[in-house]
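Report on one structure; see the data block that follows.
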Amino acid sequence: MNPSAANVNPAETAKFDKLAARWWDPNGESRPLHDLNPVRLNYVAERAVLKGARLLDVGCGGGILSEALAAAGADVVGIDLARRVLEVARLHLHESKQKVDYREISVEALAQEAPGTFDAIACMELLEHVPDPASVVAACAMLLKPGGRLFLSTLNRTPLAFAAAIVGAEYALNLLPRGTHHYAQFIRPAELASALRSAGLELEDISGLAYNPLSRRAWIAQSTQVNYLACARKPE
């Protein structure tokens with residue numbers, strides 16, 4: 001892991017920067033993030049104490065999850081490499097009155113700067129957008145305190161995920177801009193589990209994350225064929 005070489009695809013950050021101005025519009029291009037956020041927050045809250053905890057949101061974007069975690073009582077640091085999106089996240093704090101420390105830094109660089117300082121880390125819908133997902137997982141492991149937990153969400157590399165996340169969400173329903181996802185970058189649960197083991201983390205749970213874009217309802221499901229969540233713990 002080389003912190004001087006940013007684990008980022010500039011085309012990916014540029015893509016999300018284009019959405020910056022409409023990030024907090026619940027009916028805009030970020031609509032799925034708004035709809036999925038309560039389920040992701042509950043998944044974290046059921047497995048980690050948030051009140052008073054120091055928590056990192058990796059790939060925080062415009063701060064939808066960061067603010068929800070802060071509202072639950074956590075001391076939140078949000079990091080991203082999409083500059084315009086971070087500016088929107090900071091501006092939104094004036095409206096929400098929440099407190100989040102937003103930083104433009106890679107998770108690898110932060111791991112070198114502040115290892116072992118977080119009680120919990122959330123990394124939602126980021127791994128499928130970076131060149132080296134295992135590097136992100138390893139950096140998160142470095143940043144966790146012993147006993148801390150890492151929470152992840154990503155897309156499974158299955159035909160059903162291709163149909164739902166790309167054909168359905170990007171082309172048929174226009175829920176996301178075309179080109180948001182690339183099927184080859186989707187991650188199978190076994191691949192994620194291997195990266196977690198290599199980073200010295202213990203996988204505690206993998207759960208499916210289901211979403212009906214028509215009803216805008218999201219829920220935890222048994223099937224991991226499309227979206228899924230994972231929780232891993234750093235040993236004491």
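- Remark: N7 CG to L126 CG distance equals 8.5 Å, nearest 0.5 Å.
- No chain of hydrophobic side-chain contacts below 4.5 Å, direct or via other Ile, Leu, Val, Met, Phe, Trp or Tyr residues, connects V49 to L69.
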Given the rule in the salt bridge (charged side-chain N to carboxylate O under 4.0 Å, His left out) test, do R157 and E191 qualify, once you have shown the distances and angles that lead to the verdict? CA-CA 10 Å; R157 195 167 66 255; E191 295 167 344; 2.6 Å; yes
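- Using a 3.5 Å distance cut-off with no hydrogens or angles, the side chains of Y102 and D80 do not pair a donor with an acceptor.
- At distances below 3.5 Å, not a single donor-acceptor pair connects side-chain atoms of N156 with backbone N or O atoms of N227.
- Here the closest heavy-atom approach between residue W219 and residue N212 is recorded as CZ3-N, 3.9 Å.
- The backbone N or O of Y43 lies less than 3.5 Å from a partner atom in the side chain of R47, making a donor-acceptor pair.
- Between V100 and L93, some side-chain heavy-atom pair lies under the 4.5 Å cut-off.
- Taking every heavy atom of both residues into account, I206 and P189 meet most closely at CD1-CB, 4.0 Å.
- Here the closest non-hydrogen pair linking R54 and T117 is CD-O, 3.5 Å.
- R31 contributes a side-chain N or O that, together with a main-chain N or O of P213, makes up a donor-acceptor pair within less than 3.5 Å.
- Pairs engaging residues 60-70 under the salt bridge (Lys or Arg N to Asp or Glu O under 4.0 Å) rule: none recorded [sequence neighbours left out].
- Salt bridge present: E113 and R103 bring a charged side-chain N and a carboxylate O closer than 4.0 Å.
- Judged as a ring-ring contact (aromatic ring centres under 6.0 Å, His included), the pairs with a partner in residues 62-100 (not counting sequence neighbours) are, in order, W24-H92.
- Taking 4.5 Å as the limit, every side-chain heavy atom of P115 sits out of range of all side-chain heavy atoms of L143.
- A heavy-atom distance below 4.5 Å is found between the side chains of F118 and L110.
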Decide yes or no on side chain to side chain contact (heavy atoms under 4.5 Å, CB included) for R197 and L203, but give the supporting numbers first. CA-CA 8 Å; R197 285 194 301 271; L203 180 62; over 6 Å; no
Please lay out, stage by stage, how V226 and L155 fare under the test side chain to side chain contact (heavy atoms under 4.5 Å, CB included). CA-CA 6 Å; V226 183; L155 285 156; 4.1 Å; yes
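- In this structure, D57 CG and D101 CG are separated by 12.0 Å, a value rounded to the nearest 0.5 Å.
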Run the side chain to side chain contact (heavy atoms under 4.5 Å, CB included) test on L150 and C231 for me, step by step, so that the C-alpha distance in whole Å, both residues' side-chain angles and the decisive distance to 0.1 Å come before the verdict. CA-CA 6 Å; L150 171 61; C231 172; over 6 Å; no
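- Although no hydrogens or angles enter the test, the distance criterion places a donor-acceptor pair under 3.5 Å between the side chain of S198 and the main chain of S194.
- Between E236 and R233 the shortest side-chain heavy-atom distance falls below 4.5 Å.
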May I have the step-by-step check of side chain to side chain donor-acceptor pair (under 3.5 Å) for D35 and Y211, ending in yes or no? CA-CA 8 Å; D35 295 344; Y211 176 53; 2.6 Å; yes
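- Judged by distance alone, with hydrogens and angles left aside, the side-chain atoms of T158 form a donor-acceptor pair with the main-chain N or O of Q225 at under 3.5 Å.
- A 4.5 Å side-chain heavy-atom check between L127 and V136 finds at least one atom pair inside the cut-off.
- Closest heavy-atom contact between A45 and L50: CB-CD1, 3.9 Å.
- Here the CG atom belonging to L56 is positioned 8.5 Å from the SG atom belonging to C123, to the nearest 0.5 angstrom.
- Inter-residue side-chain proximity for S30 and R22 is flagged as unmet; no heavy-atom pair is nearer than 4.5 Å.
- Here the side chain of N37 pairs no donor or acceptor atom with the backbone of L33 at under 3.5 angstrom.
- Put simply, the side chain of K234 gets close to the backbone of L144: a donor and an acceptor are under 3.5 Å apart.
- L229 places a side-chain heavy atom less than 4.5 Å from the side chain of M124.
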Between S106 and L81, does a side chain to side chain contact (heavy atoms under 4.5 Å, CB included) hold up when you go through it step by step? CA-CA 7 Å; S106 71; L81 291 173; 4.1 Å; yes
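- The two atoms that bring G78 and C60 nearest to each other are C-SG, 3.6 Å, heavy atoms only.
- Distance alone, capped at 3.5 Å, is enough to place a donor-acceptor pair between the S153 side chain and the E125 backbone.
- For the 3.5 Å distance criterion, the side chains of R216 and N27 qualify, holding a donor opposite an acceptor.
- With values rounded to the nearest 0.5 angstrom, Q185 atom CD is found 9.5 Å from T154 atom OG1.
- A distance of 11.0 Å separates CG of L65 from CZ of F151, quoted to the nearest 0.5 Å.
- Annotation for G61 and L86: closest pair O-CD2, 4.3 Å, computed over non-hydrogen atoms.
- For residues 143-153, every residue pair satisfying the salt bridge (Lys or Arg N to Asp or Glu O under 4.0 Å) rule, not counting sequence neighbours, is listed here: D119-K145, R149-E204.
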